[in-house]
Novice: 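One structure follows; several queries about it will come next.
All chains are named by letter (A, B, ...) in the order of the sequence lines, taking the proteins before the strands, and each is independently numbered beginning at 1.
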Amino acid sequence: MSLGSTQKGACVPDLSVRIGKLELPYPTLMASGCYGSGEEFEPFADLSQIGAVVLKSVTREPRLGNPMPRLVATPAGMLNAIGLQNPGIDWYLDNEVAKFAKRPCVVIGSVAAFSVDDYAYVTQRLAARAEIAAIELNISCPNVGSEGETFACDPDLTGRVVRAVRAVTDKTLIVKLSPNVTDIAAIAGEAESAGADALAVINTLRGMSIDVHAWKPRLGNVSGGLSGPAIRPVAVLAVYEAARAVSIPIVGQGGIENATDALEFFLAGASAIAIGTANFTDPRIPIKIVDELRAYLAARGLRSLRDIVGKANVGFGSPFQYEGDVG
Amino acid sequence: MSLGSTQKGACVPDLSVRIGKLELPYPTLMASGCYGSGEEFEPFADLSQIGAVVLKSVTREPRLGNPMPRLVATPAGMLNAIGLQNPGIDWYLDNEVAKFAKRPCVVIGSVAAFSVDDYAYVTQRLAARAEIAAIELNISCPNVGSEGETFACDPDLTGRVVRAVRAVTDKTLIVKLSPNVTDIAAIAGEAESAGADALAVINTLRGMSIDVHAWKPRLGNVSGGLSGPAIRPVAVLAVYEAARAVSIPIVGQGGIENATDALEFFLAGASAIAIGTANFTDPRIPIKIVDELRAYLAARGLRSLRDIVGKANVGFGSPFQYEGDVG
Amino acid sequence: MLAGPSVRDVVVLDRTELAPGVVLLGFYAPELVAVTRPGQFVMAVPPGGERAATALAIYEAQGERASFLFFVCGARTRELAELRHGDKLSLTGPLGNGFTFAGARDVAIVAGGVGIASVLLPAQMLVEAGARVRLFYGARSVDFLVDRDRFATAGCELCCATNDGSLGHRGFITELLAAAEDKPDLILACGPSPMLRATAFVASELGVPAQLALEEAFACGVGGCWGCVVPLDRASPQAPKFPKPAGDDGFVYARVCKEGPVFWAHELRW
Amino acid sequence: MLAGPSVRDVVVLDRTELAPGVVLLGFYAPELVAVTRPGQFVMAVPPGGERAATALAIYEAQGERASFLFFVCGARTRELAELRHGDKLSLTGPLGNGFTFAGARDVAIVAGGVGIASVLLPAQMLVEAGARVRLFYGARSVDFLVDRDRFATAGCELCCATNDGSLGHRGFITELLAAAEDKPDLILACGPSPMLRATAFVASELGVPAQLALEEAFACGVGGCWGCVVPLDRASPQAPKFPKPAGDDGFVYARVCKEGPVFWAHELRW
Ligand SMILES: Cc1cc2nc3c(=O)[nH]c(=O)nc-3n(C[C@H](O)[C@H](O)[C@H](O)COP(=O)(O)OP(=O)(O)OC[C@H]3O[C@@H](n4cnc5c(N)ncnc54)[C@H](O)[C@@H]3O)c2cc1C
Ligand SMILES: Cc1cc2nc3c(=O)[nH]c(=O)nc-3n(C[C@H](O)[C@H](O)[C@H](O)COP(=O)(O)OP(=O)(O)OC[C@H]3O[C@@H](n4cnc5c(N)ncnc54)[C@H](O)[C@@H]3O)c2cc1C
Ligand SMILES: Cc1cc2nc3c(=O)[nH]c(=O)nc-3n(C[C@H](O)[C@H](O)[C@H](O)COP(=O)(O)O)c2cc1C
Ligand SMILES: Cc1cc2nc3c(=O)[nH]c(=O)nc-3n(C[C@H](O)[C@H](O)[C@H](O)COP(=O)(O)O)c2cc1C
Ligand code: FES
Ligand code: FES
């Protein structure tokens with residue numbers, strides 16, 4: 001994609017982003033666990049127009065996943081407790097990964113584990129495959145007992161796991177943080193010093209819903225992860241605080257449904273965004289967002305998305321005062 | 001209020017609750033900061049039918065409060081950053097407190113501060129007044145820099161401040177916890193050991209919203225506190241986890257709009273609930289909730305609200321399977 | 001076979017309230033009609049909608065018009081129920097694997113409440129193919145036994161049950177199925193979980209194979225999130241071919257939206 | 001004076017779209033009409049509504065019918081705009097302190113966009129009391145200068161401005177106010193903040209007192225949350241009588257919903 005002409009009016013803004021060694025034509029990632037391997041959405045969205053798919057998290061051993069029910073609708077959001085159902089890294093490498101070569105977009109692997117060693121082991125094997133452009137480290141899954149999330153809830157553990165994984169791959173490493181912590185900036189700083197190339201901010205908030213007729217939790221796993229527009233204000237602040245603590249790029253996520261939402265994250269300091277739950281409303285949303293971002297930049301005579309990253313406190317004065325929604 | 005007859009069909013369920021030394025006829029508190037001193041809502045709700053009003057938090061010195069704007073609507077919720085605007089304890093005692101005697105409901109004072117000494121000082125002076133039935137300790141206000149919230153984000157500080165306050169009053173002491181922590185159960189346990197009579201769970205989640213036209217935060221204070229239905233799943237889980245960690249009663253709150261929502265909190269382990277943001281939709285909601293709770297219990301032949309507290313895992317079998325909303 | 005699922009905006013043609021809270025919503029969608037098979041569903045959302053999509057069975061599919069039949073039970077169905085002639089609606093589908101009934105001669109279709117929405121298409125196709133079709137239709141009361149005429153007109157024999165006895169047998173529809181004189185050679189069913197479980201039980205007693213259309217909560221609806229699962233016998237041809245984890249007891253979680261929504265009763269492990 | 005605010009459900013009588021996105025919603029509310037004073041507002045929410053209430057000025061108030069005039073700009077106003085004849089609506093009010101204009105003889109009313117909603121009642125009362133009333137009315141384009149006839153019929157002189165020049169002066173309405181030949185003895189204004197600021201400036205240049213009806217974001221609407229504040233001169237009779245904090249620079253935050261929504265322009269510190 002061209003950088004666009006400098007002439008105002010004729011300008012085609014540049015939406016490409018760089019995350020570590022990764023060059024993405026669009027700043028829109030499909031959030032892990034929400035988009036399968038991309039294949040599932042191919043009939044409904046032109047994958048060549050999205051930035052990247054982050055695959056569903058894979059673990060060392062096969063996992064049955066959590067008992068049903070795994071989903072509950074909540075106000076402006078949803079709870080999920082999938083529990084990392086997946087076939088394990090061996091089967092995955094043998095039967096799944098080769099197919100990813102066919103995707104017309106960048107494919108990012110997601111790794112989950114329950115020990116530092118397993119994080120490194122799975123990452124090493126997965127990152128060795130050419131089909132996988134980068135690795136996202138899911139150290140913040142709230143749906144597998146307390147184990148999975150412990151890593152992203154403790155600066156020390158975060159540092160240890162990121163260092164161990166950094167040692168086994170040169171591919172771009174995105175570390176996914178949890179919002180269920182007292183101080184996300186501290187964890188973000190740890191991940192950066194330990195060698196992360198980028199951060200994904202945020203994974204889901206921990207939550208619970210109770211069936212008041214049956215007197216029991218509505219999720220088989222009792223608690224789950226809250227996503228969707230409900231958590232957007234929490235996510236925007238987490239990105240804002242993490243961005244002030246680190247200088248590596250941030251993939252902002254949590255409740256993004258349209259370009260206006262996405263712009264909140266860019267202005268807060270995200271270099272790219274991920275879209276999860278909104279794909280469940282309409283799989284055309286990621287592509288609409290790209291179109292609207294382009295229009296937003298063009299209308300303001302801006303040449304690149306990079307020009308707005310982290311500018312939440314700058315103030316964009318007249319003559320460019322717009323009212324109403326973007327687009 | 002009578003315990004109700006044991007005869008099924010004629011049973012009038014008992015909604016009264018005991019919180020420390022406090023006996024409330026109804027389990028419905030009006031959340032601090034959302035209901036003024038009760039007076040503001042008197043034309044719209046019969047205060048003799050609510051459990052108690054928790055007053056707006058008061059500090060040692062007068063406070064100007066945060067710059068405007070202080071409110072933003074968000075999906076299924078809102079952000080606020082009031083910043084504890086209040087006249088300070090001297091003026092408050094001289095000019096406000098006497099009026100509370102006229103309220104036809106229990107009045108609970110709320111104390112905020114920035115040091116252990118000030119918490120104790122303000123509590124001592126406020127609790128000395130007969131008009132104040134109990135004290136809620138707001139150690140979890142997210143809108144006054146990081147200072148206010150620090151107490152509820154650190155088990156040590158929580159313990160210190162609660163011990164200091166406990167030493168100066170025999171009145172019922174409710175400690176209000178923050179959800180913006182890694183492990184709320186640990187903080188809850190600290191508050192209990194330090195002498196709290198009850199816990200209020202939860203205060204608002206920290207969040208932020210950005211005006212993408214003006215490129216600046218939509219709150220004068222940059223970040224604020226998220227309340228309303230959006231946070232309900234987070235609040236229900238926090239109550240559930242706190243209730244397993246302590247044996248003192250819990251005042252559940254966060255996004256309660258109707259009896260179904262309230263029942264989630266009781267089943268999760270709350271003995272009482274507080275209603276904040278929902279009063280902004282319709283001030284009749286607290287009274288509707290009481291009516292519907294009574295009907296819910298009666299329909300199941302239950303004599304007291306106490307019979308359902310913490311029963312989320314018990315399962316309420318047939319023949320009492322109900323579908324659809326409560327009431 | 002699964003030809004041409006896609007996402008598109010369609011226009012509402014008609015809207016009828018068949019019973020309190022039971023809405024029939026017709027819309028213009030010739031391409032959807034062309035590729036829909038009985039038992040499939042779509043994910044539907046009003047445009048500018050703020051909520052996740054709702055899974056809805058395709059009730060009618062003829063010519064240029066398809067329809068939904070749904071019960072208003074929450075925020076999403078409430079929003080859908082507010083649509084009127086000319087309003088737009090975004091649909092992703094058709095999705096999932098439908099019923100398979102090739103060669104069946106005597107079919108019992110069991111429908112409970114809005115489960116009726118999944119069984120009009122198979123009933124029509126079966127009658128057309130010359131099979132005998134008995135519809136065992138149960139609901140709270142006669143008012144909720146909606147659109148019975150259409151099934152009668154289509155050539156089905158109707159056996160009804162209501163909880164309150166306002167029409168037909170007072171009690172559960174599966175009691176009628178169990179008591180039926182001639183044994184069907186296939187059972188198709190859609191309705192609330194307890195009815196489906198009872199149907200599975202009766203079918204196994206009778207020794208008749210049964211296909212159940214399940215209705216779990218969905219998120220993506222396209223197999224991307226693994227949220228809508230049910231435990232399925234690992235030996236089922238529909239079971240995901242994942243290796244067994246340690247401590248596995250013979251089942252694997254299958255996605256209702258992708259491997260289903262229709263499963264063989266004897267392969268479900270719930 | 002502030003007689004009988006209450007919370008009640010009212011029934012919608014009529015709904016008209018005066019311009020794209022500008023809705024006039026009439027409802028049956030004789031008790032509200034009886035106690036409403038010009039410049040007051042209510043908190044409105046559709047019943048079963050899932051959102052906080054919306055603050056809306058009381059536009060008309062006559063006999064048994066009152067109305068709102070509002071612009072659809074977000075989720076809440078969108079929901080209100082969907083109401084139709086016979087639908088219910090929950091209202092808390094009337095709230096706030098209105099305009100005070102006793103004794104004024106020559107009044108300039110400045111309205112921008114839907115700010116017009118706050119000024120019909122004072123205009124009518126002023127004309128009835130024998131005052132001269134000039135309405136300075138500005139909007140994007142002529143289409144958004146809604147309901148002008150009603151003001152003319154009520155006996156107001158109209159001066160209009162539009163951004164695009166489609167009616168009257170091309171530019172800001174405050175430019176017309178500044179250029180007016182005879183100085184009014186009172187200015188009342190309602191509209192977007194930039195317009196109100198400009199009005200305050202012009203008023204101070206002219207040396208004419210001005211009352212501004214502000215529209216901040218509200219939560220409770222009744223003075224209970226201190227969310228809707230504006231900085232106000234501590235010397236204002238409307239200022240909360242709190243002691244000065246350390247480092248105070250002369251203002252105190254006053255609640256728009258309780259101390260306002262109408263303030264004297266020269267007492268505002270924004
Ligand atoms: C493949 C498939 C096909 C389907 N086809 C149809 C169809 O054709 N017609 C049809 O009507 N439905 C159908 N459904 C079901 C339909 O998708 C759901 O009913 C719908 O998603 C409900 O959405 P909602 O937001 O309106 O309700 P939700 O808010 O999601 O509520 C759903 C259910 O939960 C209950 N509930 C909500 N809140 C509570 C609470 N606090 N406590 C206890 N219970 C509560 C409600 O009473 C309701 O029964 C189908 C589902 C699937 C999976
Ligand atoms: C005392 C008083 C009286 C009032 N009287 C009237 C009246 O009579 N008529 C009337 O029309 N209004 C009136 N208002 C204003 C009205 O209350 C608000 O417009 C209303 O609350 C909007 O609610 P909403 O949910 O529809 O919009 P919201 O979602 O709250 O949006 C409000 C504004 O924010 C903007 N906005 C929303 N999201 C974004 C974003 N992401 N980026 C940038 N901007 C955004 C919208 O464009 C809109 O201008 C009054 C207000 C007050 C305080
Ligand atoms: C159904 C579902 C499954 C998810 N599974 C994973 C997962 O396997 N790994 C992971 O890192 N995040 C997972 N997430 C979190 C999302 O990737 C995303 O970070 C989060 O949902 C916030 O974004 P959203 O509000 O746009 O969905 C999942 C989220 C949902 C809703
Ligand atoms: C506008 C507003 C002001 C608040 N002010 C206070 C306060 O002064 N002290 C306090 O302890 N909590 C305060 N809270 C938090 C509420 O008391 C309550 O704990 C929280 O909003 C969650 O409940 P809800 O979702 O029902 O509003 C405030 C909340 C809101 C919305
Ligand atoms: S709903 Fe996502 S896999 Fe079925
Ligand atoms: S909106 Fe609550 S005080 Fe004004």
Novice: Which one wins on heavy-atom pair count under 4.5 Å against chain B: A219(D), A52(D), A246(D)?
Specialist: A219(D)

Novice: So which of K56(B), R284(B), E39(B) has the biggest tally of heavy-atom pairs under 4.5 Å with chain D?
Specialist: R284(B)

Novice: Please look at M68(B) and chain D and tell me whether the side chain, the backbone, both or neither of the residue comes under 4.5 angstrom of a heavy atom of that chain.
Specialist: both

Novice: Can you confirm whether L93(B) sits close enough to L126(B) that some side-chain heavy atom of one is under 4.5 Å from a side-chain heavy atom of the other?
Specialist: yes

Novice: Measure F44(B) against the heavy atoms of chain D and call it side chain, backbone, both or neither at under 4.5 Å.
Specialist: both

Novice: In plain terms, say whether D118(B) and R60(B) are close enough for a salt bridge, that is, a side-chain N and a carboxylate O under 4.0 Å apart.
Specialist: yes

Novice: State, with a plain yes or no, whether a side-chain heavy atom of S193(D) is found less than 4.5 Å away from one of W270(D).
Specialist: no

Novice: For residues L91(D) and V7(D), determine if any side-chain heavy atom of one lies less than 4.5 Å from a side-chain heavy atom of the other.
Specialist: no

Novice: Heavy-atom cut-off 4.5 Å, strictly under: side chain, backbone, both or neither for P67(B) against chain D?
Specialist: both

Novice: Identify which of V230(D), V252(D), D9(D) forms the greatest number of heavy-atom pairs closer than 4.5 Å to chain B.
Specialist: D9(D)

Novice: Is it true that E82(D) and R84(D) make a salt bridge, defined as a side-chain N closer than 4.0 Å to a carboxylate O?
Specialist: no

Novice: Taking every non-hydrogen pair under 4.5 Å, which of N80(B), N95(B), N86(B), V72(B) racks up the most with chain D?
Specialist: N86(B)

Novice: So what's closer than 4.5 Å to chain D heavy atoms on P43(B): side chain, backbone, both or neither?
Specialist: both

Novice: Taking the side chain as everything from C-beta on, heavy atoms only, tell me whether F41(D) gets closer than 4.5 Å to P94(D).
Specialist: no

Novice: Among the options K258(D), R8(D), K241(D), M43(D), pick out the one with the most heavy-atom pairs lying under 4.5 Å from chain B.
Specialist: K241(D)

Novice: Taking the inter-plane angle between the rings of H266(D) and W264(D) on a 0 to 90° scale, is it parallel (under 30°), tilted (30 to 60°) or perpendicular (over 60°)?
Specialist: tilted

Novice: Of all of A44(D), G223(D), G221(D), P231(D), which one pairs up most often with chain B through heavy atoms under 4.5 Å apart?
Specialist: G223(D)

